[in-house]
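Notes follow once the structure below has been shown.
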Amino acid sequence: MTKAEIYKKVLREYEKEKFVSDELYKKKVDEIYTLIPDIKKVDEEIMRVNIEFARNSLKSGGKKDISELKEKNKELLRKKDELYALYGISKDFFTDIYKCGICKDTGYIDGKECQCFKKRLIEAAYDMSNIKEALRNENFGTFDISLYSDKAESSSKKSPKEKIESILIKALDFVKDFDSKFMNLYLYGKSGLGKTFLCNCIAKELLDGGKSVLYLSASQLFKMLEKNTFKNETEEFGEVLKLIFDADLLIIDDLGTEFQTSFTSSEFFNIINLRYIKKKSVVISTNLEPRDIVDKYSDRVVSRFYGNYDFLEFLGDDIRILKLTKG
């Protein structure tokens, strides 16, 4: 399924849900009118005032004084609220029929995508890549620091266990302060040390908190961009870009494993630069040490990394093998 197909699928879901919620809304309106006939009269008067308001605005080109109509509308709305209060009807009487009370199951607010719409796009992408299955098993609650040695390696003053403890604290702070503090993480070290696992931990916490998270391997990311660019599929490319640039968090796994071209280097800079400008966080996992970035990517990429990313080094032995022996 392409990104364009995912987009259309989500739109179809909203159409179905809107139909259901509209039918429920009509039923509830009928209930209210039966219980409180005066509210029906107020609604009819509000409609009449709004029609007159629109008619006068069109005739005068918006220049005519319509303050009297505005005041009349406010008075009718106040009367309606008073009737609801008098009969003990909550203001949520209608809003609770919607899955999203903000956009009322349309997916849009003032012509812009609602947060629930963005989240659905991300969730649809997760369904396609089966990342949700990984998140059930890979989270902060299942992160096992006992797999890391408490003996310091010759290249570091700290042991792998001490390192991972400080990294976990940093990752938890990243999640806790996500709304108030703009941060980016660069997780590096040999394969099999838990970098991808930790990325999944972060993704799950933020998804559970209602954030939109896009998780892609570096090879997936650049193949996607290259394919859509050179096939000139502008609609699909635009939708992919929306996710890459607008998701609350972008996670790029295995950076450095992608096929290197001038295109990938240029696109990589565009991604991290625009997300930096928008203050949208990025988490990167890679085998590349910070000094290797200079040889692999452009100076512009390097300048964006240093000062804007926390570099967190993973040490130790391959924990995937340790898990097998431990099990």
Side-chain angles (χ1 to χ4, degrees), residues 1-7 118 121-132 134 184-193 195-200 202-203 206 212-306 308-309 311-312 314:
M1 185 183 289
T2 65
K3 291 292 177 182
E5 288 168 337
I6 290 174
Y7 198 90
K118 295 177 183 178
L121 287 177
I122 300 295
E123 287 175 345
Y126 279 165
D127 288 337
M128 195 172 64
S129 62
N130 295 318
I131 193 94
K132 281 186 176 178
N184 302 290
L185 302 179
Y186 185 97
L187 316 178
Y188 71 98
K190 295 181 297 183
S191 296
L193 297 182
K195 300 186 298 295
T196 298
F197 196 116
L198 187 62
C199 286
N200 287 340
I202 293 170
L206 291 176
S212 56
V213 180
L214 182 63
Y215 192 121
L216 292 169
S217 70
S219 58
Q220 282 177 320
L221 173 64
F222 294 114
K223 279 178 184 176
M224 195 183 293
L225 292 174
E226 193 168 348
K227 176 185 174 184
N228 283 285
T229 299
F230 295 126
K231 283 193 175 181
N232 204 26
E233 298 173 12
T234 54
E235 181 187 2
E236 184 176 343
F237 185 56
E239 287 155 13
V240 173
L241 283 180
K242 269 180 172 290
L243 297 176
I244 292 170
F245 293 111
D246 292 338
D248 294 320
L249 175 65
L250 173 65
I251 298 178
I252 305 175
D253 196 21
D254 279 336
L255 183 70
T257 57
E258 74 279 1
F259 183 69
Q260 278 290 301
T261 65
S262 57
F263 171 81
T264 56
S265 184
S266 173
E267 285 302 301
F268 185 44
F269 174 75
N270 287 338
I271 291 166
I272 62 171
N273 186 54
L274 283 174
R275 288 190 65 88
Y276 170 77
I277 291 169
K278 291 183 174 187
K279 298 303 180 208
K280 298 280 189 178
S281 295
V282 179
V283 171
I284 289 171
S285 81
T286 179
N287 292 355
L288 296 174
E289 293 192 12
R291 62 173 177 269
D292 297 326
I293 303 171
V294 180
D295 300 325
K296 198 87 172 175
Y297 301 100
S298 67
D299 291 340
R300 294 188 305 168
V301 170
V302 174
S303 68
R304 268 288 166 258
F305 272 141
Y306 285 94
N308 300 316
Y309 282 70
F311 292 90
L312 305 176
F314 285 64

Summary of salt bridge (charged side-chain N to carboxylate O under 4.0 Å, His left out) pairs that have at least one residue in residues 247-264, sequence neighbours excluded: D248-K280

Spacing of S303 atom OG and Y297 atom OH [to the nearest 0.5 Å]: 15.0 Å

Any Y215 side-chain heavy atom under 4.5 Å of T196 side chain: yes

Donor-acceptor contact below 3.5 Å, side chain D292 vs main chain E289: yes

Spacing of OH belonging to Y188 relative to CD1 belonging to I284, to within rounding of 0.5 Å: 13.5 Å

Interatomic distance, L255 atom CG to S219 atom OG [nearest 0.5 angstrom]: 10.5 Å

Heavy-atom side-chain contact between Y186 and L312 under 4.5 Å: no

Closest non-hydrogen atom pair, K278 against D246: NZ-OD1, 2.7 Å

pair N273-R300: side-chain heavy atoms closer than 4.5 Å: no

All ring-ring contact (aromatic ring centres under 6.0 Å, His included) counterparts of Y276, not counting sequence neighbours: none

Residue pair I251 / A203: nearest heavy atoms and the distance that separates them: CD1-CB, 3.9 Å

Any donor-acceptor pair under 3.5 Å from K190 side chain to F314 backbone: no

Over all atoms of both residues, closest heavy-atom pair of A134 and N200: CB-ND2, 4.1 Å

Flag, side chain of N308 to backbone of R304, donor-acceptor distance under 3.5 Å: yes

CZ on F305 to CG on N184, rounded to 0.5 Å: 9.0 Å

Side chain proximity check, P290 to Y306, heavy atoms < 4.5 angstrom: yes

Interatomic distance, I271 atom CD1 to L221 atom CG [nearest 0.5 angstrom]: 4.5 Å

Shortest non-hydrogen contact between A218 and G256, atoms and distance: CB-N, 4.5 Å

Side chains of I293 and F311 in contact at under 4.5 Å (non-hydrogen atoms): yes

Smallest separation among heavy atoms of V302 and V294, with atom names: CG2-CA, 3.8 Å

Euclidean distance, L250 CG relative to L216 CG, rounded to 0.5 Å: 6.5 Å

Closest non-hydrogen atom pair between S285 and C199, with its separation: CB-SG, 3.9 Å

